[in-house]
Amino acid sequence: MNTCPEAETIVRDVMKKALISEPRSLASVMRFQFHDCFVNGCDASMLLDDTPNMLGEKLALSNINSLRSYEVIDDVKEALEKVCPGVVSCADIIIMASRDVVALTGGPDWEVRLGRLDSLIASQEDSNDIMPSPRSNASYLINLFHKYNLSVKDLVALSGSHSLGQGRCFSIMFRLYNQSGTGMPDPEINQIYREELNKICPHDVDQNVTVDLDATPLVFDNQYFKDLVAGRGFLNSDQTLYTFPETRELVRLYSRDQDEFFSAFVEGMLKMGDLQSHQPGEVRRNCRVSNACPANNLLFEFE
């Protein structure tokens, strides 16, 4: 980054500190890129707080009680503003921070493309309409990704972001007790795994109780795919990638070959990071609010 040559080092240093202080929190930051870029492009709209005139995306169905650690992005922004005020966008911070989480937890490292601008508005409605449910099946997900010119390979590889972190019991109750309205569990769940989940997520559980998304939730690796092959995928939208013929062989490949997974994941993240908003933008001084006097800030079209 020519205008702030220290930017990537500053972001990486803040992410290292966050990893030490609260390692589990960073899984959410890594998924910010997906939740941001799919909703009107990579423009940090998801970071905007609600205002009297705007419902932001933080309380959208796919984000509420799921995404957290927004304060990590605040810390990054604060550090950057001290060195390069008004230069590094929150949208670019999301891209760098997502990459850094992967690299710092054992996954691949890569060079990101920078130069995005921050949106002036957010849309809870758009987020609700676009972001997939944990109940989604592979066919639905393939069609969704296709709308963004992302391939089946991109879908499967990017689903590997669930190599890190946890999910809520809320997201799996129907799989455990009423799959497809049958009143029965999902037959695709490994029986031993289902018994483990029954203990963590009984009928009367607080549905915000969390469960590891794979067997190594603090390490970015290909364990997620090994778990899918073994019938130990947590979300329906995960396990469906193994049960669906069009995605099964990629799951098998990534379960056997971590390097193949890493390579495909980087490719998918770069493609997703190029999704554009085509709306006026700015470089926010605070990632949670658009600049107070936008008339004093030159607005650009993100090319």
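Given the structure is predicted, the values throughout are model-derived calculations rather than measurements.
Under the 4.5 Å side-chain heavy-atom criterion for ILVMFWY residues, no single connected hydrophobic cluster contains both F174 and Y193. There is no path of hydrophobic side-chain contacts, each under 4.5 Å, that joins F32 to L213. When hydrophobic clusters are built by joining Ile, Leu, Val, Met, Phe, Trp and Tyr residues whose side-chain heavy atoms come closer than 4.5 Å, directly or via intermediates, F234 is grouped together with V209. A continuous path of ILVMFWY side-chain contacts below 4.5 Å connects V112 to L275, so both sit in one hydrophobic cluster. Grouping the Ile, Leu, Val, Met, Phe, Trp and Tyr side chains by contacts below 4.5 angstrom, directly or via other members, places L197 apart from F170.
Side-chain contact between F145 and K153 is absent, with no heavy-atom pair separated by less than 4.5 Å. Contact check for S237 versus L141: side-chain heavy atoms found under the 4.5 Å cut-off. Between L55 and E125, every side-chain heavy-atom pair lies at or beyond the 4.5 Å cut-off. Put simply, the side chain of L155 reaches to within 4.5 Å of the side chain of I142, judged on heavy atoms. Contact check for V87 versus V283: no side-chain heavy atoms found under the 4.5 Å cut-off. Looking only at side-chain heavy atoms (C-beta outward), F34 and P132 come within less than 4.5 Å of each other. Looking at V72 and E22, their side chains never come closer than 4.5 Å, going by heavy atoms from C-beta outward. At a threshold of 4.5 Å between non-hydrogen side-chain atoms, the residues Q279 and L120 do not count as touching.
Here CD of Q166 is found 8.5 Å from CG of L218. Values are rounded to the nearest 0.5 Å. For the atom pair CG (L270) and CD (E111), the distance works out to 9.5 Å, reported to the nearest 0.5 Å. Distance check: D36 CG to I95 CD1 gives 7.0 Å after rounding to the nearest 0.5 Å. Note that CG of N40 and CD of Q276 are 13.0 Å apart. Values are rounded to the nearest 0.5 Å. The OG atom of S290 lies 9.5 Å from the CD1 atom of I121; values are rounded to the nearest 0.5 Å. Remark: E267 CD to L150 CG distance equals 10.0 Å, nearest 0.5 Å.
For K77 against V88, the heavy-atom pair with the smallest separation is NZ-O, 2.7 Å. The shortest heavy-atom contact between P23 and I20 is CD-O, 4.1 Å. Of all the heavy atoms in A91 and C42, the pair that sits closest is CB-O, 3.6 Å. Closest non-hydrogen pair, L26 versus A18, comes out as CD2-CB, 3.8 Å. Counting all heavy atoms, side chain and backbone alike, Y254 lies closest to A264 at OH-CB, 3.3 Å. Nearest heavy-atom pair across A7 and L80 is CA-CD2, 3.7 Å.
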**Message:** Go through it in stages, so that I can follow the logic: the residues are V205 and M173, the test is side-chain contact (heavy atoms from CB on, under 4.5 Å), and I'd like the CA-CA distance, side-chain angles, deciding distance and then a yes or no.
**Reply:** CA-CA 10 Å; V205 72; M173 297 302 283; 4.0 Å; yes
Pairs of donor and acceptor atoms involving the side chains of residues 97-108, under 3.5 Å and at least two apart or interchain, shall be tabulated with distances.
residue : atom : partner : partner atom : Å
S98     : OG   : V29     : O            : 3.3
S98     : OG   : M30     : O            : 3.4
S98     : OG   : I94     : O            : 2.8
R99     : NH1  : E8      : OE1          : 3.4
R99     : NH1  : W110    : O            : 2.5
R99     : NH2  : E8      : OE1          : 2.5
D100    : OD1  : R12     : NE           : 2.8
D100    : OD1  : R12     : NH2          : 2.9
D100    : OD2  : R12     : N            : 3.4
T105    : OG1  : V101    : O            : 2.7
T105    : OG1  : V102    : O            : 3.3

Quiz: residues 43-54 side-chain donor-acceptor pairs under 3.5 angstrom, not counting sequence neighbours:
residue : atom : partner : partner atom : Å
D43     : OD1  : S45     : N            : 3.0
D43     : OD1  : S45     : OG           : 3.1
S45     : OG   : E57     : OE1          : 3.2
S45     : OG   : E57     : OE2          : 2.9
D49     : OD1  : K58     : NZ           : 2.5
D50     : OD1  : G56     : N            : 2.6
T51     : OG1  : N53     : N            : 3.2
T51     : OG1  : M54     : N            : 3.1

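Remark: side-chain polar atoms of R135 are not paired, donor with acceptor, to backbone N or O of R175 under 3.5 angstrom. Side-chain atoms of D92 come within 3.5 Å of backbone N or O of G115 as a donor-acceptor pair. Counting only distance, with no hydrogens or angles, the side chain of D212 and the backbone of A215 share no donor-acceptor pair below 3.5 Å. For N178 (side chain) and T182 (main-chain N/O), a donor-acceptor pair under 3.5 Å exists by modelled atom type. With N291 contributing its side chain and R285 its backbone, the two residues share a donor-acceptor pair below 3.5 Å. Looking at R116, its side chain does come within 3.5 Å of a backbone N or O of G273 through a donor-acceptor pair. With R31 contributing its side chain and L164 its backbone, the two residues share a donor-acceptor pair below 3.5 Å. Of the possible donor and acceptor atoms, one in the side chain of Q33 sits under 3.5 Å from a partner among the backbone N and O of M269. D118 places no side-chain N or O within donor-acceptor distance of the main-chain N or O of C287, the cut-off being under 3.5 Å. At distances below 3.5 Å, not a single donor-acceptor pair connects side-chain atoms of N190 with backbone N or O atoms of G231.
Among residues two or more places apart in sequence or in another chain, the side-chain contact (heavy atoms from CB on, under 4.5 Å) test is passed with D221 by S163, D214, T216, V219, Q223, Q258. Listed by chain and residue number, nothing satisfies the salt bridge (Lys or Arg N to Asp or Glu O under 4.0 Å) test with E188 (two or more places apart in sequence, or in another chain). Residues forming a salt bridge (Lys or Arg N to Asp or Glu O under 4.0 Å) with R252 (at least two apart in sequence, or on another chain): E249. Partners of D13 by salt bridge (Lys or Arg N to Asp or Glu O under 4.0 Å), not counting sequence neighbours: none found. The salt bridge (Lys or Arg N to Asp or Glu O under 4.0 Å) test applied to E71 returns no partner, not counting sequence neighbours. Shown here are the side-chain contact (heavy atoms from CB on, under 4.5 Å) partners of V251, two or more places apart in sequence or in another chain: V156, F225, L228, V229, L241, Y242.
Cluster partners of V289 are absent, since no Ile, Leu, Val, Met, Phe, Trp or Tyr has side-chain heavy atoms less than 4.5 Å from it.
Sorted by first and then second residue, the pairs that involve residues 141-183 and meet disulfide (SG to SG under 2.5 Å), not counting sequence neighbours, are C169-C201. Sequence neighbours left out, the pairs with a member in residues 194-219 that pass ring-ring contact (aromatic ring centres under 6.0 Å, His included) are Y177-H203. Listed by first and then second residue, the disulfide (SG to SG under 2.5 Å) pairs that reach into residues 218-252 come to none, sequence neighbours excluded.
Residues N222 and E260 have side chains that never bring a donor and an acceptor to within less than 3.5 angstrom of each other.
Checked against R232 for a side chain to side chain contact (heavy atoms under 4.5 Å, CB included), the options K226, Q239, R194, E196 give a single hit: E196.
Under a cut-off of 6.0 angstrom, the local environment of CD1 in I192 is sparse, with at most 12 non-hydrogen atoms contributed by other residues, nucleotides or ligands.
When ring centroids are compared, F261 and Y224 stay outside the 6.0 Å threshold.
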